[in-house]
Amino acid sequence: MAKPPKPEAGASRRERLASFEAARKSEQRRRSMGLLAICVVLALALLAYPVYLFVQDHNARNATLKDFGTDLAGAGCSAPVENTATGNQNHVPDGTTVTYDRLPPDSGPHYGTPAPFTKHFYGTDRPAIETLVHNLEHGYTVAWYRPDAPSDQVNALQDIAKTFSGDNDDLANKFIAAPWTDAGFPAGKNIVLTHWYADPNDPTNTGKQKGIRQECGAVSGATIAEFMSNYPATDSPEPNGA
């Protein structure tokens with residue numbers, strides 16, 4: 001009986017190499033697919049976050065003031081206080097430190113150029129106090145806030161600021177939120193609303209000008225809406241200033 005031929009050594013080696021190469025390529029494909037899946041997930045995450053921020057920003061810009069913060073009853077606000085205003089058109093050189101009668105100020109001497117109309121919320125980039133007092137003279141409501149206030153309140157104030165547009169033809173958009181980083185902030189309060197009032201029928205009459213302030217324990221869009229309604233930008237020494 002004839003014996004079957006022995007497999008050639010070269011052929012066996014080729015088969016082993018082919019099997020090894022096939023296994024290696026299969027592993028490379030598996031790793032490549034895994035890496036691709038990771039890249040896809042990361043790409044979707046990177047795309048989703050800006051979309052999320054856009055949606056959040058859009059929602060804030062299209063909301064009303066009363067949608068943010070606590071209600072009137074929960075704000076813990078004192079009644080608005082009226083004081084004699086000072087400093088109308090009293091421009092001091094940039095860099096001068098002004099000592100104000102009340103802290104945060106609601107009127108007083110100030111720098112010659114106000115903060116831009118288009119920005120409504122400041123953090124660590126806040127302009128000088130003397131700059132923002134000039135904004136008060138132009139009819140702004142400046143909401144001074146305690147920088148170490150609870151983050152949810154600061155976030156609510158930031159959302160409130162987003163409801164105001166950069167349209168400088170609309171005096172209702174004259175709002176700025178800015179941190180008070182100096183001493184003198186009222187104890188137990190986290191926000192102070194300020195406005196520089198002048199008789200709209202006689203705005204240059206300094207005898208009728210008043211510094212208005214309202215101190216609150218919590219951020220309240222409803223309170224800000226009421227304050228700005230009672231003390232609009234039109235009732236200020238220079239309502240047409242940007």
Side-chain angles (χ1 to χ4, degrees), residues 65 69-88 90 97-111 114-115 120-122 126-149 153-154 156-157 160-161 164 171-200 203 205-239 241:
L65 289 178
T70 187
D71 57 14
L72 288 170
C77 298
S78 57
V81 175
E82 299 181 355
N83 300 289
T84 300
T86 60
N88 184 210
N90 184 356
T97 299
V98 176
T99 300
Y100 291 102
D101 297 334
R102 293 171 293 277
L103 301 176
D106 47 48
S107 68
H110 47 275
Y111 293 164
H120 300 288
F121 182 89
Y122 290 97
R126 189 206 73 187
I129 296 167
E130 293 83 359
T131 295
L132 294 177
V133 172
H134 196 155
N135 289 87
L136 285 170
E137 189 181 43
H138 285 189
Y140 283 72
T141 289
V142 176
W144 307 94
Y145 67 91
R146 190 186 297 276
D148 59 354
Q153 293 195 39
V154 177
L157 191 55
I160 286 169
F164 296 94
L171 298 182
N173 287 316
K174 287 190 170 184
F175 174 86
I176 287 177
W180 181 260
T181 55
D182 294 8
F185 205 86
K189 303 298 183 181
N190 285 315
I191 182 171
V192 178
L193 304 177
T194 56
H195 177 78
W196 189 337
Y197 169 85
D199 183 345
N205 186 341
T206 57
K208 293 184 177 181
Q209 293 182 11
K210 301 174 183 179
I212 314 294
R213 60 197 301 108
Q214 184 172 24
E215 302 171 358
C216 299
V219 172
S220 167
T223 300
I224 292 173
E226 182 178 75
F227 185 88
M228 294 185 69
S229 175
N230 291 336
Y231 306 103
T234 50
D235 297 356
S236 66
E238 299 177 12

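Everything numeric in this text was worked out from a predicted model, so none of it was measured.
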(Q) Working to the nearest 0.5 angstrom, can you tell me the gap between Lys174 NZ and Thr234 OG1? (A) 9.5 Å

Q) If you look only at pairs with a residue in residues 127-148, which of them pass as a salt bridge (Lys or Arg N to Asp or Glu O under 4.0 Å), with sequence neighbours excluded? A) none

Q: Under the side chain to side chain contact (heavy atoms under 4.5 Å, CB included) rule, collect the residues that match up with Thr84, sequence neighbours excluded.
A: none

Could you give the side-chain donor-acceptor pairs of residues 69-79 under 3.5 Å, partners two or more places apart or in another chain?
unit_1	atom_1	unit_2	atom_2	d
Asp71	OD1	Ala73	N	3.4
Asp71	OD1	Gly74	N	2.8
Ser78	OG	Glu215	O	3.3

Q: Grab the two heavy atoms, one from Ile212 and one from Tyr197, that are nearest each other, plus how far apart they are.
A: CG1-CB, 4.0 Å

Q: Specify the closest pair of heavy atoms between Gln153 and Val219, including all atoms of both residues, with the distance to one decimal.
A: OE1-N, 3.1 Å

(Q) On a heavy-atom basis, which atom in Pro147 and which in Pro179 lie closest, and how many Å separate them? (A) CB-CB, 4.2 Å

(Q) Counting C-beta onward and ignoring hydrogens, is there a side-chain heavy-atom pair between Leu103 and Trp144 closer than 4.5 Å? (A) no

(Q) If you take the centroid of each ring, where Trp contributes its six-membered ring, are Phe175 and Phe227 closer together than 6.0 Å? (A) no

**Q.** Check against side-chain contact (heavy atoms from CB on, under 4.5 Å), Thr86 and Tyr100
**A.** CA-CA 10 Å; Thr86 60; Tyr100 291 102; over 6 Å; no

Q. Roughly how far, to the nearest 0.5 Å, is the CD1 atom of Ile191 from the CG atom of Leu157?
A. 5.0 Å

Q: Nearest 0.5 Å please: distance from the CG atom of Asp106 over to the OG1 atom of Thr141.
A: 11.5 Å

Q) Going from CG on Leu132 to OH on Tyr140, what distance comes out if it is rounded to the nearest 0.5 angstrom? A) 10.0 Å

Q.
Show the nearest heavy-atom pair for residues Pro105 and Val133, with the distance to one decimal.
A. CG-CG2, 3.7 Å

Q. Taking the inter-plane angle between the rings of Phe164 and His120 on a 0 to 90° scale, is it parallel (under 30°), tilted (30 to 60°) or perpendicular (over 60°)?
A. tilted

Q) Would you say Lys210 has more than 12 foreign heavy atoms packed within less than 6.0 Å of its NZ? A) no

**Q.** Nearest-0.5 Å distance that lies between atom CG in Asn205 and atom CG in Asp199
**A.** 7.5 Å

Q. Which distance, rounded to the nearest 0.5 Å, do you find between the CG of Leu193 and the OH of Tyr145?
A. 14.0 Å

Q: Would you mind reporting whether Trp196 and Ser107 have side-chain heavy atoms less than 4.5 Å apart?
A: yes

Q) What is the minimum heavy-atom distance between Thr131 and Ala115, and which atoms define it? A) CG2-N, 3.4 Å

(Q) For Pro80 versus Tyr231, what's the shortest heavy-atom pair and its separation? (A) CB-OH, 3.7 Å

Q) Has the side chain of Arg213 got a donor or acceptor atom that lies under 3.5 Å from a matching backbone atom of Pro104? A) yes

